[in-house]
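Some notes on the structure that comes next.
Residue numbering restarts at 1 for every chain, and letters A, B, ... go by the order of the sequence lines. All values derive from a computational prediction rather than experimental measurement.
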Amino acid sequence: MMDKRYDAKAAEAQWYPFWENNGFFGASPDDGGKPYSVVIPPPNVTGILHMGHALNQTIQDVLVRWHRMRGDNTLWIPGTDHAGIATQNVVEKALRKEGKRRQDLGREKFVERVWEWKKQYGGTIVHQQRKLGNSTDWSRERFTFDEGCSRAVARVFTQLYDEGLVYKGNYIVNWCPRCGTALANDEVEHEPNHGGFWYVRYPVAGSAKGVAGESYKDYVMVATTRPETLPGDTAVAVNPKDDRYAHLVGKTVILPLAGREIPVISDDYVDREFGTGIVKITPAHDPNDFLVGKRHGLAEINIMTDDAHMNELAGAKYCGMDRWECRKAIVADLEAGGYLDHIEEIDNQVGHCYRCHETVESRLSKQWFVKMAPLAKPAIEAVKSGETRFVPERWSKVYFNWMENIQDWCISRQLWWGHRIPAYMLKNPGGADDGRMFVAETPEAALEKARKATGNPALQMEALEQDPDVLDTWFSSWLWPFSTLGWPEKTKDLEYYYPTCDLVTAQDIIFFWVARMMMAGMHFMGRPPFKNIVIHGIVRAADGSKMSKSKGNSLDPLELVEAYSADALRFSMALITSLDCDTKVNKEKFEIGRNFATKIWNAARFMEMNAGKSEGFSFRAFRADSALAEALGPDPALSADDRHLLMAADRACEAMDAHLSRYRIQDGALAVYDFFWTQICDWYVEYAKDVFNAGDAARSRTVLSVLASVYWRALRLLHPYMPFVTEEIAHKLGYLSAAESIMRAPFPRASGEAEKAAWKLSEDAFAYVEAKREMITAGRALRAEYRVPPSRAVAFEIAAADEAAAERLRADEGSLKSALRAESIAVSCGGGELAMPGTLVKLGTIYMPLDGLVDKAAELKRVTAELEKARGFLKGVRAKLANDNFTAHAPAAIVDDQRRKETELSAQIAKLEKLAKLFA
RNA sequence: GGGCAAUUAGCUCAGUUGGUUAGAGCACUACCUUGACAUGGUAGGGGUCACUGGUUCGAGUCCAGUAUUGCCCACCA
């Protein structure tokens with residue numbers, strides 16, 4: 001017997017291990033069939049599950065479970081990302097508690113320590129993912145820093161290097177002079193700053209030079225917030241559309257104090273409105289200037305040391321000064337030289353180190369790069385040709401926009417945790433750099449190369465020193481779709497499951513991850529890594545703000561699982577999420593899913609209870625969709641309501657396939673919700689009660705069979721969304737044996753032609769029940785409106801359109817009476833007149849005695865209002881029909897509709913008029 | 001500043017290629033503790049679809065403009 005309440009916690013604790021331990025998540029190429037493969041966006045190994053994961057993984061699991069039930073050879077690969085900076089930070093933090101820095105341990109020991117951490121805590125998020133019910137094949141769990149991924153990374157780096165697509169070059173990084181380390185962009189905290197804005201004259205070359213204290217006659221005025229970087233200037237720039245300065249472009253100006261000549265260039269980067277519209281360009285000390293310099297081939301003059309003091313390139317006078325000291329000195333000298341025009345004050349943003357709060361310096365350094373333009377081209381083509389598709393399609397615009405303006409990718413990071421760059425410098429016996437460098441997949445291969453290059457076969461490993469930097473985390477995750485399938489080995493998995501089918505991710509990593517996977521897939525596999533890229537929104541707090549721990553407005557998926565169940569979390573997420581926009585959530589939303597689980601649980605209990613009264617009835621007998629046909633026999637006595645339910649089930653099956661194949665996760669959820677709740681519970685179960693109460697054993701058996709069969713279809717339709725409760729019910733009712741799982745049961749399909757014919761499923765039967773329900777609703781509305789107490793039975797007279805319809809209604813008398821709580825139902829034909837004085841008509845079809853129940857004045861008012869409304873509609877309909885253009889252009893069905901409406905409204909108005917007289 | 005979206009009921013959102021009197025959930029109101037379910041049932045109220053123009057027989061849906069909001073990128077020398 002099923003318990004009165006569904007115990008979600010117990011069910012979830014039971015079924016997940018059941019699935020995992022019995023291999024229900026597993027997949028193998030040997031099983032054959034149509035492959036359907038998905039790789040999970042690997043969460044950071046340091047991460048904990050948040051609502052974004054819950055949404056992302058719900059969508060994936062719905063698709064994955066749906067495909068698996070449809071019989072596809074379905075593989076969903078899980079894994080985590082080693083997350084260079086994030087992970088290193090976590091471990092460094094732990095070290096700091098011990099009063100140590102990573103330098104105290106040394107590189108090797110530190111990395112060991114990170115691996116230990118990973119072993120101990122790295123499983124957190126994958127255990128949390130299990131709580132959601134993810135049907136990932138855990139036997140294939142991967143890590144972006146595991147052996148296989150590392151091999152793939154080394155192979156990719158080496159190949160790109162050999163192809164000339166990897167190079168070493170200057171790059172500007174955020175540098176903390178106090179910590180002596182590079183900072184990622186998100187480690188720089190921008191804070192408002194109130195400071196000086198110095199207007200400086202740069203004399204045009206060849207113009208009359210003044211002497212100290214005089215103004216120059218011919219100069220350009222540059223405004224800067226960082227005068228101390230002036231010795232590093234290598235150009236001044238104006239906007240190409242700026243007519244004021246067009247004549248200067250191509251000329252040179254003299255750099256004050258230094259006396260060098262530097263060119264005047266034009267670049268879109270310059271804002272005409274800001275300052276003077278002329279900018280000094282210091283490529284070695286400003287990220288934007290660096291890019292401008294790259295575009296124009298300018299020299300990069302680094303004038304500072306690592307600890308933000310000036311070096312000899314700043315000029316002998318300033319060399320050795322701290323940057324702020326130097327600023328004062330240079331400003332004083334500019335003023336003395338007559339170069340300084342005036343000083344303004346300005347508010348801007350200045351970056352600070354997130355750790356020590358020192359002002360961040362932009363610093364030039366040698367970094368590794370990947371040339372992206374050649375990689376981008378085929379990746380753009382793959383989307384243009386439709387080989388890979390964005391869902392929703394509009395994201396392809398965002399993709400193209402970025403890909404067509406792609407910049408080279410800086411892939412080196414000054415960290416210890418990550419894939420070490422497989423480049424080895426040759427050292428001379430004295431220990432000095434030889435200058436030669438060898439890139440190879442393994443140290444041994446590098447040594448081999450070095451031996452050949454030097455012609456010294458005795459060269460030892462000690463002569464090689466590996467590049468100290470590691471690779472950007474994305475350098476391993478961009479290989480994820482094929483490294484997880486075994487690449488660079490030629491594996492069966494790779495051949496069978498690549499390319500993967502759907503990639504499901506949020507919009508914020510289209511550039512970082514999706515675009516790069518596209519490029520890697522095209523370059524190394526020759527084919528894009530996925531057929532569809534499904535982009536969903538971000539999960540936001542109820543007020544629309546971003547969820548964040550510090551704001552305290554974030555919801556914890558695990559708490560929601562605890563409070564409402566994993567099924568509730570999944571179903572509610574699916575129901576409230578549209579791919580097109582962000583999703584706002586609050587706790588109350590998850591009641592929808594919880595209540596739905598309760599609803600289907602109770603419907604199951606209702607069936608179980610009644611099945612017990614039907615001798616020998618077994619739910620197991622209905623596990624095959626063909627079983628109902630067998631149980632009912634060749635010419636079953638089905639009622640219109642039975643047929644309606646069977647058709648509704650067919651429609652739900654068709655709708656689910658249509659929605660999910662278009663990634664309409666929300667629509668699918670809505671379809672199964674409505675089917676279960678409205679069609680099965682609200683109508684058919686209520687109908688079934690009447691049948692069971694009537695005591696006709698054969699009829700009861702038929703209805704129970706229809707219900708059991710349709711319920712089993714609904715359960716499987718719902719399974720991708722709510723895996724746990726559906727599994728629990730499937731076993732509790734006995735549809736499945738103990739060893740089976742609903743997740744491997746076939747996804748339900750609409751009835752076949754033979755069944756449709758045997759069961760006489762027709763639009764006509766469907767429409768009849770719809771019409772009947774409208775009448776019942778109208779009757780109930782009358783009872784409610786006139787406050788007829790439930791205890792008081794009433795009489796209804798229903799007017800049918802013709803004798804055939806009347807006959808059907810008479811046959812249905814029992815269920816109508818029950819649904820309406822009526823003591824009698826009279827059916828007449830032809831629309832009918834008012835049956836008796838003091839009765840009310842509504843919709844022209846239902847009558848009931850109202851003596852002593854009605855306030856006539858109030859009724860008159862109400863009837864008059866309805867009359868007004870109906871007349872208004874009729875007027876509109878008639879105007880439409882009178883319009884020749886409408887009848888000529890509109891489809892016949894629409895015109896017919898309007899005609900029918902005209903007739904209906906006329907009849908309704910006639911009756912309302914009679915009624916008005918009655919109340920007058 | 002560049003790019004991309006959004007604006008429909010009190011709230012969160014659906015509304016497929018333009019076509020009946022625009023839907024759902026939550027919230028609200030009334031009645032119902034009916035033998036599956038009060039995490040429920042029945043019924044009800046609530047919308048000039050942001051605004052202005054245009055195309056069309058017909059616009060929530062297509063086009064242009066305006067307003068407001070959000071996101072991504074670049075962030076101001």
> rA27(B) C1' sits how many Å from Glu591(A) CD, rounded?
Replying inline: 11 Å
>> Whole angstroms only, please: what is the CZ-C1' distance between Arg605(A) and rC37(B)?
In response: 8 Å
>> Partner lookup for rG25(B), please. Criteria are Watson-Crick or G-U wobble with both distances under 3.5 angstrom; report none if nothing qualifies.
In response: rC11(B)
>> My understanding is that a pair needs two contacts under 3.5 Å, Watson-Crick or G-U wobble. By that rule, which nucleotide pairs with rG19(B)?
In response: rC57(B)
>> What contact category does Asp674(A) fall into here, base, sugar-phosphate, or nothing, at under 4.0 angstrom with non-hydrogen atoms?
In response: nothing
> What interatomic distance, in whole Å, is found between C1' of rG41(B) and the corresponding atom of rU33(B)?
Replying inline: 11 Å
> Does any nucleotide pair with rG45(B) by Watson-Crick or G-U wobble geometry, both distances under 3.5 Å, and what is it?
Replying inline: none
> Given rC13(B), rU34(B), rG19(B), which nucleotide is nearest the side-chain atoms of Gln666(A)?
Replying inline: rC13(B)
> What integer number of Å spans the C1' atoms of rC31(B) and rC71(B)?
Replying inline: 47 Å
> OP1 or OP2 of rC37(B) less than 4.0 angstrom from a side-chain nitrogen or oxygen of Arg594(A), does that happen here?
Replying inline: no
>> Is Trp677(A) close enough to rG41(B) that one of its side-chain N or O atoms is under 4.0 Å from OP1 or OP2 there?
In response: yes
> Taking the C1' atom of each, how far is rU68(B) from rA50(B), in whole Å?
Replying inline: 8 Å
> When rounded to the nearest Å, what value does the distance between C1' atoms of rG54(B) and rC11(B) take?
Replying inline: 34 Å
>> Could you tell me if the side chain of Met656(A) sits less than 4.5 Å from the side chain of Phe675(A), heavy atoms only?
In response: no
> What is the nucleic acid contact for Val685(A), judged by heavy atoms within less than 4.0 Å: base, sugar-phosphate only, or nothing?
Replying inline: base
>> Students often mix this up, so state it plainly: with edges at 30° and 60°, are the rings of Phe619(A) and Phe617(A) parallel, tilted or perpendicular?
In response: perpendicular
> For Phe390(A), which of Tyr663(A), Tyr399(A), Trp395(A) qualifies under ring-ring contact (aromatic ring centres under 6.0 Å, His included)?
Replying inline: Tyr399(A)
>> Within the 4.5 Å heavy-atom criterion, are Phe606(A) and Leu707(A) side-chain neighbours or not?
In response: yes
>> In whole Å, I'd like the distance from the CD1 atom of Ile592(A) to the C1' atom of rC13(B).
In response: 10 Å
> Partner of rC76(B) by Watson-Crick or G-U wobble geometry, both contacts under 3.5 Å, or none?
Replying inline: none
>> If I pick the P atom on rG60(B) and the same atom on rU7(B), what distance separates them, to the nearest angstrom?
In response: 14 Å
> Taking the inter-plane angle between the rings of Phe197(A) and Tyr199(A) on a 0 to 90° scale, is it parallel (under 30°), tilted (30 to 60°) or perpendicular (over 60°)?
Replying inline: perpendicular
>> Does rA36(B) have its OP1 or OP2 closer than 4.0 Å to a side-chain nitrogen or oxygen of Lys689(A)?
In response: yes
> How long is the line joining NZ of Lys589(A) and C1' of rG25(B), in whole Å?
Replying inline: 9 Å
> According to the Watson-Crick and G-U wobble definitions, with both distances under 3.5 Å, which nucleotide is paired to rG65(B)?
Replying inline: rC51(B)
>> Please report the distance, rounded to the nearest Å, between CE in Met573(A) and C1' in rC13(B).
In response: 14 Å
> With a 4.0 Å cut-off on heavy atoms, is Asp682(A) in touch with a base, just the backbone sugar-phosphate, or nothing at all?
Replying inline: sugar-phosphate
> Which nucleotide, in any strand shown, forms a Watson-Crick or G-U wobble pair with rG40(B), with both distances under 3.5 Å?
Replying inline: rC32(B)
>> Please classify the nucleic acid contact of Gly277(A) as base, sugar-phosphate, or nothing, using heavy-atom distances under 4.0 Å.
In response: base
> Taking for each residue the nucleotide of RNA chain B with the nearest heavy atom, is it Asn883(A) or Cys681(A) whose nucleotide lies nearer the 5' end?
Replying inline: Cys681(A)
> C1' atom, rU12(B) versus rG47(B): distance in rounded Å?
Replying inline: 15 Å
> From rA36(B), rA77(B), rA43(B), pick the nucleotide closest to the side chain of Val270(A)?
Replying inline: rA77(B)
> Would Trp601(A) and Tyr6(A) count as a close aromatic pair, with their ring centres under 6.0 Å?
Replying inline: yes
> Base, sugar-phosphate alone, or nothing: which one does Asp667(A) contact when heavy atoms must sit under 4.0 Å apart?
Replying inline: sugar-phosphate
>> Strictly below 4.0 Å: does Asn288(A) bring a side-chain N or O up to OP1 or OP2 of rC76(B)?
In response: no
>> Checking contacts here: which listed nucleotide (rA77(B), rU21(B), rG25(B)) is nearest the side-chain heavy atoms of Gln898(A)?
In response: rU21(B)
> Do Glu228(A) and Ile303(A) come close enough that some side-chain heavy atom pair is under 4.5 Å?
Replying inline: no
>> Rounded to whole Å, how long is the line connecting atom CZ of Arg327(A) with atom P of rA77(B)?
In response: 11 Å
>> The side chain of Thr598(A) is closest to which nucleotide in this list: rC37(B), rU20(B), rA24(B)?
In response: rC37(B)
>> Rounded to whole Å, how long is the line connecting atom CZ of Arg664(A) with atom P of rA14(B)?
In response: 9 Å
>> Work out how far the P atom of rA6(B) is from that of rU21(B), and round it to whole angstrom.
In response: 27 Å
> So which nucleotide does rC71(B) pair with, by the Watson-Crick or G-U wobble rule with both distances under 3.5 Å?
Replying inline: rG3(B)
>> Can a side-chain donor-acceptor contact be found between Asp674(A) and Thr678(A) if the only test is distance below 3.5 angstrom?
In response: yes
> Phosphate oxygens OP1/OP2 of rG40(B): is one of them under 4.0 Å from a side-chain N or O of Asn602(A)?
Replying inline: no
> To the nearest Å, how far apart are Phe676(A) CZ and rC37(B) P?
Replying inline: 17 Å
> If only side-chain N and O atoms of Arg394(A) are considered, is one of them under 4.0 Å from the OP1 or OP2 phosphate oxygen of rC4(B)?
Replying inline: no
> Of all the choices, rA77(B), rG19(B), rG40(B), which nucleotide is nearest to the side chain of Asn595(A) once you look at every atom?
Replying inline: rG40(B)
> What about Lys397(A), does its side chain sit under 3.5 Å from the base of rC4(B) through a donor-acceptor pair?
Replying inline: no
>> For a quick check of understanding: with a heavy-atom distance under 4.0 Å over all strands, which category does Phe511(A) fall into, base, sugar-phosphate or nothing?
In response: sugar-phosphate
> On RNA chain B, nearest-nucleotide positions of Met609(A) versus Val279(A): which is more 5'?
Replying inline: Met609(A)
>> Please give the distance between the P atoms of rU55(B) and rC13(B) as a whole number of Å.
In response: 34 Å
> Below 4.0 angstrom from OP1 or OP2 of rA36(B), is there any side-chain N or O of Lys599(A)?
Replying inline: no
> Does rA43(B) have OP1 or OP2 sitting under 4.0 Å from an N or O in the side chain of Thr777(A)?
Replying inline: yes
>> Can you confirm if the aromatic rings of Phe676(A) and Tyr711(A) lie within a centre distance of less than 6.0 Å?
In response: yes
> Of the nucleotides rG19(B), rA77(B), rA43(B), which has the atom closest to the Thr224(A) side chain?
Replying inline: rA77(B)
